[in-house]
Asker: 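Shown below is the structure under consideration.
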Amino acid sequence: MAATLIKGSEISKQIKEEIKQEIAKLKEKHNIIPGLATILIGDDEASKVYVGQKEKTCKELGIYSERIDLPGNTVEKDLLSLIERLNKDPKIHGILVQLPLPRHIDEKKVLYAIDPDKDVDAFHPVNVGKLMLGYPVFLPCTPHGIQELLIRSGIETDGTEVVVVGRSNIVGKPIANMLFQKKKGANATVTICHTGTKDIASHTRRADILIVAAGKPKAVTADMVKEGVVVIDVGVNRLETGLVGDVDFEAVKEKAKAITPVPGGVGPMTIVMLMSNTVQSAKMHGGIK
Ligand code: NAP
C-alpha cells in the first residue's frame with residue numbers, strides 16, 4: 001500500500017493563517033508589530049533566494065521586515081556592530097544572519113553576538129542549552145517544523161523508536177533532542193546515525209519514525225526501512241533532473257505508512273516556524289503570555 005503524503009505545503013498554510021490571526025491580535029490589543037531583521041552577506045544565489053522568501057513571508061503575514069544586504073568583503077567588526085544595533089532596536093524581535101558566511105568571518109563569533117532573546121534561529125549556545133535541558137525559549141526552525149508535521153498529521157511519537165540519520169547542529173542534533181524529551185509530541189527513544197555508524201540499515205530498519213537529514217540522495221533505500229514506517233525526508237538535493245530528498249522516495253513510499261515529499265514536505269515548514277518564533281519573541285519582549 002502506498003504511503004500517505006505528509007504535505008508540509010498544506011500544513012504550513014494552516015499555520016500561516018494561525019500566525020496571521022495572532023499578529024492581528026497583537027496589533028489590535030497591544031499595538032505590537034513583530035519585526036525580523038535578516039542579514040545577508042555576499043552574492044550567494046541560494047542564500048539570496050532564502051532571504052527573499054523570508055522577506056516575502058514576513059510581508060504576507062504582517063511582520064515588519066528589515067533586510068540588510070552587505071557586500072562580500074564586509075569586515076567582521078562591522079557585522080558585529082550591526083548586530084549590536086539590532087540587539088538594541090525595539091522594532092526588531094528576531095535577528096537572522098543567513099549562513100554560510102564568507103570565510104574571513106568567524107561564524108561562531110557572529111552567532112554568539114546575537115541576543116539570545118532575539119535568536120529566532122535558536123543557534124545561540126544559550127538556546128541550544130535550554131533546548132537540551134527541556135525548557136527552550138525558541139525551537140530551531142527545521143526541527144520544530146518536523147515536530148509540527150508529526151503532531152498535525154496525528155503521528156504518535158510517545159514510546160516509538162525514532163531514528164535520525166545525520167547529526168548536524170541545525171537538524172540532526174536538535175530534532176533528536178526534542179523528540180526524546182518527556183513531553184507531548186516527543187517521549188520517543190531516539191537513535192542518531194552518521195557516517196561513523198556501522199551498519200546503518202540495522203538501525204533504520206528498527207525505526208517507527210525515520211528522520212533523514214544527510215544531504216545525500218538515496219542515503220535511505222527501501223531495503224533499509226520496515227513496513228509501516230513514517231519517513232520525514234529533510235534532504236534538499238539539486239540534481240539535473242530536479243529537486244530530490246535524501247530518501248529513495250518512489251521505492252520507500254511503497255513500504256511506508258506516511259512520508260514527506262521533496263519538495264513540499266519539510267521545506268515550507270522551516271520559514272513558517274521562523275515567523276512563529278518572531279511572533280513569540282515579540283510577545284516575550286512585550287511581556288505578553
Ligand atoms: P550537514 O551539516 O551536511 O550534515 C549531514 C549529516 O548527515 C552529517 O552528520 C553526516 O555525518 C551525515 N551523513 C551524511 N551522509 C550520510 C550517510 N550516507 N549515512 C549516514 N549519515 C550521513 O547537513 P544538514 O545541514 O543537517 O542538512 C541535511 C540535509 O537537509 C541537506 O540536504 C540540507 O539541504 C537539508 N536541509 C533542509 C532544510 C529544510 O528546511 N528543508 C533545512 C536544513 C537542511 P557526519 O557528521 O559523520 O559527517
Side-chain angles (χ1 to χ4, degrees), residues 5-12 15-16 38 44-47 49-54 56-57 96-101 107-108 111 120-123 128 138-150 162-179 190-207 210-225 231-239 241-249 252 259-277:
L5 285 186
I6 302 174
K7 292 183 184 159
S9 44
E10 285 176 13
I11 295 173
S12 63
I15 302 176
K16 268 189 197 170
T38 46
D44 182 71
E45 286 306 320
S47 294
V49 171
Y50 292 140
V51 168
Q53 284 169 345
K54 286 163 191 168
K56 188 170 150 250
T57 313
L96 182 142
V97 178
Q98 187 64 45
L99 302 178
L101 290 173
E107 184 178 298
K108 269 194 204 147
L111 295 181
V120 284
D121 255 340
F123 291 161
V128 176
F138 301 116
L139 289 170
C141 303
T142 302
H144 192 188
I146 295 170
Q147 194 177 40
E148 281 295 321
L149 282 181
L150 293 172
V162 169
V163 176
V164 179
V165 180
R167 58 177 163 190
S168 73
N169 290 341
I170 62 165
V171 189
K173 281 181 199 161
I175 189 62
N177 238 300
M178 284 164 64
L179 292 181
V190 183
T191 304
I192 307 185
C193 300
H194 42 76
T195 57
T197 306
K198 285 183 187 149
D199 192 5
I200 287 183
S202 70
H203 297 281
T204 54
R205 274 191 213 114
R206 281 190 299 104
L210 178 61
I211 300 170
V212 191
K216 300 260 156 57
K218 296 196 182 171
V220 169
T221 48
D223 58 312
M224 293 169 73
V225 302
V231 180
I232 306 290
D233 189 351
V234 188
V236 179
N237 304 291
R238 280 166 222 283
L239 303 183
T241 48
L243 217 59
V244 297
D246 290 345
V247 174
D248 183 358
F249 180 81
V252 171
I259 189 166
T260 55
V262 178
V266 175
M269 296 295 287
T270 300
I271 288 193
V272 170
M273 299 333 290
L274 173 71
M275 301 298 139
S276 166
N277 278 350

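Computed from a prediction, not measured in an experiment: that's the story for all the values here. Remember, it's 1-based here, ligands and their atoms both numbered in the order they're listed.
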Asker: Can you find an N or O of Gly166 that's nearer than 3.5 Å to an N or O of ligand 1?
Answerer: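 No; the residue has no nitrogen or oxygen that sits under 3.5 Å from a nitrogen or oxygen of the ligand.
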Asker: Has the side chain of Thr204 got a donor or acceptor atom that lies under 3.5 Å from a matching backbone atom of Met224?
Answerer: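 Indeed, once roles are kept as given, a pair shorter than 3.5 Å links the two residues.
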Asker: Of all the heavy-atom pairs spanning Val220 and Val252, show the shortest one and how long it is.
Answerer: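 Shortest heavy-atom contact: O-CG2, 4.1 Å.
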Asker: Checking a contact table here: which protein heavy atom is nearest atom 48 (O) of ligand 1, and how many Å away?
Answerer: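 Ranked first by proximity to atom 48 (O) of ligand 1 is Thr195 OG1, 3.7 Å.
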Asker: Looking only at atom types and distance, does a side-chain atom of Asp246 sit under 3.5 Å from a main-chain N or O of Gly215, one as donor and one as acceptor?
Answerer: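 Here the side-chain-to-backbone pair exists.
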Asker: List the closest protein heavy-atom neighbour of atom 18 (N) of ligand 1: residue, atom name, distance to the nearest 0.1 Å.
Answerer: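 For this ligand atom, the closest protein heavy atom is Ala219 CB, 4.3 Å.
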Asker: How far is atom 42 (C) of ligand 1 from its nearest protein heavy atom, and which residue and atom is that?
Answerer: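 Result: Thr142 OG1, 3.3 Å.
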Asker: Pull out every atom of ligand 1 sitting under 4.0 Å from any heavy atom of Ile170, numbered as shown with elements.
Answerer: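 Every atom of ligand 1 under 4.0 Å from some heavy atom of Ile170: 25 (O), 43 (C).
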Asker: Report the nearest protein non-hydrogen atom to atom 36 (N) of ligand 1: residue, atom name, distance rounded to 0.1 Å.
Answerer: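 Of every protein heavy atom, Val234 O, 3.6 Å lies nearest to atom 36 (N) of ligand 1.
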Asker: Tell me, which protein residue and heavy-atom name are nearest atom 32 (O) of ligand 1, and how many Å apart are they?
Answerer: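 I find the closest protein heavy atom is Val236 N, 3.0 Å.
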Asker: Show me which atoms of ligand 1 lie under 4.0 Å from any heavy atom of Thr270.
Answerer: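 In order of number, 39 (C), 40 (O).
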Asker: Could you name the option among Gly8, Gly267, Ser168 that has the heavy atom nearest to atom 4 (O) of ligand 1?
Answerer: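 Heavy atom nearest to atom 4 (O) of ligand 1 belongs to Ser168.
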Asker: Would a distance-only check, ignoring hydrogens and angles, find a side-chain to backbone donor-acceptor pair under 3.5 Å from Thr260 to Asp233?
Answerer: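 Checking the backbone N and O of Asp233 against the side chain of Thr260, a donor-acceptor pair under 3.5 Å is found.
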Asker: Where the closest heavy atom to atom 15 (N) of ligand 1 is concerned, which of Met273, Lys216, Met224, His203 has it?
Answerer: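 Residue with the shortest heavy-atom distance to the ligand atom: Lys216.
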Asker: Would you say that Asn177 contacts Ile175 through its side chain, given a criterion of any heavy-atom pair below 4.5 Å between the two side chains?
Answerer: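 No, side chains not in contact.
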Asker: Taking Asp121 for its side chain and Cys141 for its backbone only, find out whether a donor-acceptor pair lies under 3.5 Å.
Answerer: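 Checking the backbone N and O of Cys141 against the side chain of Asp121, no donor-acceptor pair under 3.5 Å is found.
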Asker: Roughly how far, to the nearest 0.5 Å, is NE2 of His144 from CG of Leu149?
Answerer: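 Leu149 atom CG to His144 atom NE2 measures 10.5 Å (nearest 0.5 Å).
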Asker: If you measure from atom 20 (C) of ligand 1 to every heavy atom of Ile200, Thr197, Ile271, Leu274, which option wins on shortest distance?
Answerer: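 Checking each option, the heavy atom nearest atom 20 (C) of ligand 1 is found in Ile200.
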Asker: Which one of Pro174, Ala214, Pro217 has a non-hydrogen atom at the shortest distance from atom 5 (C) of ligand 1?
Answerer: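 It is Ala214 that holds the nearest heavy atom.
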Asker: Checking Thr57 side chain against Gln53 main chain: does a donor-acceptor pair fall under 3.5 Å?
Answerer: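 Yes; judged by distance alone, with no hydrogens or angles, the pair exists.
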Asker: Tell me, which protein residue and heavy-atom name are nearest atom 9 (O) of ligand 1, and how many Å apart are they?
Answerer: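 That would be Arg167 N, 2.9 Å.
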Asker: Among Gly215, Gly172, Pro143, which one puts a heavy atom closest to atom 29 (C) of ligand 1?
Answerer: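 Nearest option to atom 29 (C) of ligand 1, by heavy atoms: Gly215.
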Asker: Is the contact between Val165 and ligand 1 made by the side chain, the backbone, both, or neither, using heavy atoms and a 4.0 Å cut-off?
Answerer: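 Only the side chain of Val165 comes within reach of ligand 1.
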Asker: Roughly how far, to the nearest 0.5 Å, is the CZ atom of Arg167 from the OG1 atom of Thr197?
Answerer: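 If we round to the nearest 0.5 Å, Thr197:OG1 and Arg167:CZ are 7.0 Å apart.
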Asker: Could you tell me the residue and atom name of the protein heavy atom closest to atom 44 (C) of ligand 1, and the distance to it rounded to 0.1 Å?
Answerer: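 Protein heavy atom with the smallest distance to atom 44 (C) of ligand 1: Val171 CG2, 3.9 Å.
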Asker: Rounded to the nearest 0.5 Å, how far does CD1 of Ile232 lie from CD1 of Ile259?
Answerer: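 Result: 9.0 Å between the selected atoms.
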